[in-house]
Trainee: 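Sharing a structure here in structure tokens format.
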Protein chains: 2
Amino acid sequence: MNQEDAASNLHDEIKISTKEKIFNASVDLFSLRGFSDVPVREIAKQAGIREGSIYNHYKNKDAILDAIIDYFKKELGQANLPDEETVSLMKEGPEVFFTRGAQIFLARINTPQFGKIWRLVLMESYRNDKVREFFKKDVLEEPLAGWEEVFKLMIEKKMIKSVNPRTLAYEYWSFVIFLIFDYSILNYEEDFESYLERGIDKMNHHTQLLLEAVKIKDKQSTLKF
Amino acid sequence: MNQEDAASNLHDEIKISTKEKIFNASVDLFSLRGFSDVPVREIAKQAGIREGSIYNHYKNKDAILDAIIDYFKKELGQANLPDEETVSLMKEGPEVFFTRGAQIFLARINTPQFGKIWRLVLMESYRNDKVREFFKKDVLEEPLAGWEEVFKLMIEKKMIKSVNPRTLAYEYWSFVIFLIFDYSILNYEEDFESYLERGIDKMNHHTQLLLEAVKIKDKQSTLKF
DNA sequence: TTTTTGAACGAACATTTGTTCATTTCAATG
DNA sequence: CATTGAAATGAACAAATGTTCGTTCAAAAA
């Protein structure tokens, strides 16, 4: 326990409501073993209550999953850069734009909860219609459209060659999704934070290669990896 | 029913054993709703038998999943190009190599069963240790190592710039995995065959962009998309 | 035809599941 | 202190689950 936690326990005790305990226990268990493989009784046990109490706070088991997805959706929406910042960051040139942009984005989603819920979302997208719809819309389609705009703008500003911006958006975002996927299946036992650190390196490699393919200058730069 | 099927039914009637019926029903149901959400009774129903009969052919429910994975592993292993062909195909130049290589590979895995089992593998990699190990080893690590060798060879032959072959393998294969992932979550209701057709286009776009970044010639080719 | 053998059957079993509800607990309010 | 209302309890329930097993069936072997 670090100093801050100790202090807050002594003087400023943080009350975790029963509802939050249920929520947190569910995130832990669902993300590890999947929604349908976790009995309500086990959620209660992990939350330190009895199974009946859960129904004082959530209509049923499904409502817990719904709440988790809603929470994630909200948090994810707040992690995006506002448009003005996007435009001003672009003036620094494409390399800086992507490097800094990824840094800022990752810094905002860097909590252990996020790593767990990512895994949960990917898992349940296969079995739950609502989760799949969320994934399709909020994680794939909207970001893809956003990145398409970014690349279109870069082309207009002659920062990169005129290549179909849809293709570029796909190239960029599919790699992000792959990294999330890779984490969620193979590296979820690792700290989300330490995975993100390695992820940002991989992302930079990828972006550098992508820019190398679409850069306008004639001289070939030496790739540094 | 096409001519071939009709003919074989008339003269050369194909007997589907009960074990195969159970296997096929399980592939259908597991891939759609996930292993733990499919009751043994429903497998039996879909196979046209009673639940007790299943245990004449499989030790238990888990053994059915094991059998499916073993089957998939075997089939997937046979889909790879032998080394000699790889080397000879490489003489045609990188563009042809990737285009033809992808064509050949996809032609070999182009069965409806394959599409279903891909989805099943991705789903169960989250919940089943054996499936995850298969995925990690046979779907990620081994192909990555193989592609690293390919790129290393290309660099030695001065077909492409000297960029870390590991990075290039990762760039190439992660896109393949992304396509499989995309299919398994969002497009699994579509024909696997028709998805593969679109997939090969996307793959070619990706490869072309990747080669653009590592090609040796000074003149910049015009990307056709 | 009789015997044998393995598959199919389906009732039965013990567990486990999500959910309900009458009762108890307990802290805030009067 | 007494009252109140919300939260917690845990026994109980029906439904569903994976698996077992004595019996029936049918086709091959004798």
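Keep in mind that the numbers below use all heavy atoms, side chains included, and drop hydrogens, waters and symmetry copies.
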Trainee: With a 4.0 Å cut-off, would you call B:R198 and B:D201 a salt bridge?
Mentor: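 B:D201 and B:R198: not salt-bridged.
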Trainee: In whole angstrom, give the distance that lies between atom CZ of B:R41 and atom C1' of C:dC9.
Mentor: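 After rounding, the gap between these two atoms is 13 Å.
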Trainee: Take A:S53 and A:F35, find for each the nucleotide of DNA chain C with the closest heavy atom, and name the residue whose nucleotide sits nearer the 5' end.
Mentor: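 On the 5' side of the pair lies A:F35.
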Trainee: My understanding is that only one of A:K116, A:R33, A:Q113 makes a side-chain hydrogen bond (donor to acceptor under 3.5 Å, both in side chains) with A:D28; could you say which?
Mentor: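 Only match with A:D28 under side-chain hydrogen bond (donor to acceptor under 3.5 Å, both in side chains): A:K116.
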Trainee: Under 4.0 Å between a side-chain N or O of A:R50 and OP1 or OP2 of D:dA8?
Mentor: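 Result: no.
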Trainee: Is it true that B:D182 and B:Y195 share a donor-acceptor pair across their side chains at a distance under 3.5 Å?
Mentor: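 Yes, side-chain donor-acceptor contact under 3.5 Å.
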Trainee: Of the options C:dC9, D:dT9, C:dG18, whose atoms approach the side-chain atoms of A:N56 most closely?
Mentor: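 For the A:N56 side chain, the nearest candidate turns out to be D:dT9.
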Trainee: Just the rounded figure in Å: distance from P of D:dT17 to CG of B:N60.
Mentor: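 Those two atoms, CG and P, are 17 Å apart.
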Trainee: Tell me the interatomic distance from A:F30, atom CZ, to C:dG18, atom C1', rounded to whole angstroms.
Mentor: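 Computing the A:F30:CZ to C:dG18:C1' distance gives 12 Å.
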Trainee: Which of the following nucleotides, C:dT19, C:dC9, C:dA12, is nearest to the side chain of B:E51?
Mentor: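 Output: C:dA12.
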Trainee: Once you round it to whole Å, what is the distance between C1' of D:dA6 and NZ of A:K19?
Mentor: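 So the two atoms are 14 Å apart, to the nearest Å.
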Trainee: Considering only side-chain heavy atoms of B:T18, which listed nucleotide, C:dG18, C:dA8, D:dA7, is closest?
Mentor: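 Per side-chain heavy atoms of B:T18, the pick is C:dA8.
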Trainee: Using ring centroids (six-membered ring only for Trp), state whether A:F151 and A:Y170 fall under 6.0 Å.
Mentor: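 Not close enough - the centres of the two rings lie 6.0 Å or further apart.
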Trainee: Whole angstroms only, please: what is the CD1-P distance between B:I22 and C:dA8?
Mentor: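 Rounded to whole Å, this separation is 7 Å.
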Trainee: Decide whether a cation-pi geometry holds between A:K61 and A:F35; the criteria are a distance under 6.0 Å from NZ or CZ to the six-membered ring centre and an angle within 45° of the ring axis.
Mentor: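 A:K61 over A:F35 ring: yes.
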Trainee: Among the candidates C:dG18, D:dT19, D:dA8, find the nucleotide nearest to the side-chain atoms of A:H57.
Mentor: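 Per side-chain heavy atoms of A:H57, the pick is D:dA8.
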Trainee: Taking CD1 from B:I43 and P from C:dC9, how many angstroms apart are they, rounded to a whole number?
Mentor: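 Taking CD1 of B:I43 and P of C:dC9, I get 15 Å after rounding.
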Trainee: Write down the distance between NZ (B:K15) and P (D:dA27), rounded to a whole number of angstrom.
Mentor: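 My rounded result for the distance is 10 Å.
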Trainee: Measure the distance from CD1 on A:I54 to P on C:dT20 and round it to the nearest whole Å.
Mentor: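 These atoms are roughly 13 Å apart.
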Trainee: Between C:dA8, C:dA12, D:dT20, spot the one nearest the side chain of B:Y55, thanks.
Mentor: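 The answer is D:dT20, which lies nearest to the side chain.
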